[in-house]
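Per chain, numbering begins at 1; letters A, B, ... match sequence-line order. Only this structure's heavy atoms are used, side chains among them; waters, hydrogens and symmetry mates stay out.
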Protein chains: 2
Amino acid sequence: MNQSTSPAPSRRSDATRKAILDAARERFATDGYDRATIRAIAKDAGIDPSMVMRYYGNKEGLFAAAVAIDLHLPDPASLTRDDVGRALVTHFLGMWEKNEVLTALLRVGATNQAGAERMRGIFGDQLLPVARRVCPDPEQASARAALVSAQLLGLALTRYVLRFPPAVDLAPEEVVAWLAPTVQRYLTAPHPA
Amino acid sequence: MNQSTSPAPSRRSDATRKAILDAARERFATDGYDRATIRAIAKDAGIDPSMVMRYYGNKEGLFAAAVAIDLHLPDPASLTRDDVGRALVTHFLGMWEKNEVLTALLRVGATNQAGAERMRGIFGDQLLPVARRVCPDPEQASARAALVSAQLLGLALTRYVLRFPPAVDLAPEEVVAWLAPTVQRYLTAPHPA
DNA sequence: GTTGTAGGCCAACAAGTGTTGACATCCATG
DNA sequence: CATGGATGTCAACACTTGTTGGCCTACAAC
């Protein structure tokens with residue numbers, strides 16, 4: 001996957017490692033940090049709990065490995081100022097639908113300090129450059145990025161975590177149609193004071 | 001507090017009961033359901049863990065009692081169609097700032113089935129009538145209420161749970177200025193399809 | 001074929017959990 | 001004063017948790 005950081009060790013246990021990570025992501029996404037027990041994850045992966053410890057050290061290490069992911073935000077330079085809202089909402093919706101990593105991260109972040117910090121890092125580091133590029137006043141960039149985060153994470157919360165039925169039932173295109181103007185306004189409109 | 005449903009028993013243990021509930025709310029709000037242990041709550045309240053069981057049956061009962069609250073949403077009939085956005089945002093912000101009940105509810109709802117359902121009930125039951133009253137097409141009321149929930153809960157999530165610094169630093173008036181138009185649009189603007 | 005090492009399982013530990021029952025103590029009522 | 005229920009403490013229960021170390025097995029290198 002990432003040849004530059006790891007020289008492709010290709011161990012014999014790679015299948016097991018992957019099974020553990022997959023099971024961990026699913027458990028963290030549905031149960032949160034505390035109720036996702038190592039025993040349950042190991043059982044899902046079809047191996048012994050002690051293997052989890054051997055490969056990931058401890059539960060924190062397992063969680064860190066399970067949610068080590070990149071948002072792959074579009075390059076800020078490639079965004080046109082007028083379409084940034086729609087582009088962001090579409091991209092984020094795709095990321096949430098693709099797999100359970102972000103759901104796991106959000107659910108854990110709600111009760112776990114490390115999870116919250118990781119969420120903060122991801123959204124801060126990735127969204128801030130976009131905001132800095134397109135928003136009128138650079139000093140407001142972080143506040144505007146926070147507003148965008150609030151809107152995007154709020155949708156994810158109601159749709160993927162709390163599962164409000166009307167939020168779950170919204171078609172992706174409808175979500176984009178409603179949210180894109182909001183995000184666009186938070187990023188590029190003049191301060192409403 | 002509520003004379004119509006309970007004839008003011010005024011037991012000798014009322015102070016203890018209140019201490020337990022206060023400690024429980026604080027623990028649930030900061031730690032979530034699983035890590036808010038009965039022992040820790042009892043210690044905060046300065047009494048024995050067994051008292052919690054005696055007065056609230058079990059942990060679920062304690063949680064239910066701790067988050068039994070009313071949003072006190074303004075009467076839909078009293079809302080003017082053009083100010084509903086600002087009125088809702090202002091009201092919700094006040095509720096979140098007032099005490100930790102909603103923070104506890106949100107944090108627990110992220111990992112606990114009962115908590116999520118309670119959150120769903122509160123926002124569904126209280127926001128839907130407002131949406132039904134002010135939105136143009138009654139069939140879209142639930143979808144529009146969900147969008148409003150997403151925006152409001154997203155702000156609460158980033159500000160009170162994940163504590164993104166720029167979201168925490170926003171002044172209340174600024175939050176209202178930014179979010180009110182969004183909520184207003186979700187409720188009263190024509191469908192953007 | 002021997003051997004070293006990685007993969008895997010099993011049993012156990014120490015700590016912490018919700019929960020329970022037995023016992024002490026206060027206080028209002030008879 | 002006596003008495004009974006409410007208030008409170010203490011110790012323990014059964015269970016689950018993360019984590020550890022010992023042991024067995026397969027496989028690749030020599």
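In this model, a side-chain donor or acceptor of B:R39 finds a partner on the base of C:dG18 within 3.5 Å.
Rounded to whole angstrom, the span from the CZ atom of B:R11 across to the P atom of D:dG8 amounts to 12 Å. We find that CG of B:D48 is positioned 14 Å from P of C:dT20, with the value rounded to whole Å. One atom, CG of B:D14, and another, C1' of D:dT7, lie 12 Å apart when rounded to the nearest Å. Nucleotide C:dG18 holds its P atom 5 Å from the CD1 atom of B:I38, rounded to whole Å. We find that CG of B:D31 is positioned 12 Å from P of C:dG18, with the value rounded to whole Å. Distance, B:I20 CD1 to D:dG8 P: 8 Å, rounded to whole Å. One interatomic measurement links the two molecules: CD1 of B:I41 to P of C:dT17, which rounds to 11 Å at whole-angstrom precision. Atom CZ in B:F63 sits about 14 Å away from atom P in C:dG18, given to the nearest Å.
In this pair, B:H191 and A:W178 present their aromatic rings perpendicular. The plane angle is above 60°, beyond the 30 to 60° band. Classified by interplanar angle (parallel below 30°, tilted 30° to 60°, perpendicular above 60°), the ring pair B:Y33/B:F28 is parallel.
In this structure, a donor-acceptor pair under 3.5 Å is absent between the side chains of A:Y160 and A:E100.
Put simply, B:Y55 has a side-chain N or O that comes within less than 4.0 Å of OP1 or OP2 on D:dG8.
To the nearest 0.5 Å, atoms CD (B:Q151) and CG (A:L152) are separated by 9.5 Å.
When distances run from any side-chain atom of B:K59 to the nucleotides D:dT19, C:dG18, D:dG5, the shortest one goes to C:dG18. Comparing C:dC27, C:dG18, D:dT17 against the side chain of B:T37 picks out C:dG18 as the nearest. With C:dT17, C:dG8, D:dT9 as the candidates, the nucleotide lying closest to the side chain of A:T16 is C:dG8. Each of D:dG18, C:dG7, D:dT9 was ranked by its minimum atom distance to the side chain of B:M51; first place goes to D:dT9.
Residue B:A36 is the one, among B:R12 and B:A36, whose nearest nucleotide of DNA chain C lies closer to the 5' end (criterion: closest heavy atom). With DNA chain C read from its 5' end, the first of the two nearest nucleotides for A:I47 and B:R54 is the one closest to A:I47.
In this structure, B:R107 contributes its side chain and B:V161 its backbone to a donor-acceptor pair below 3.5 Å.
Contacts of A:S50 with the nucleic acid, taken as non-hydrogen atoms under 4.0 Å apart, include base atoms. Among the heavy atoms of the strands lying under 4.0 Å from B:N58 are primed sugar atoms or P, OP1, OP2 only; no base atom is included.
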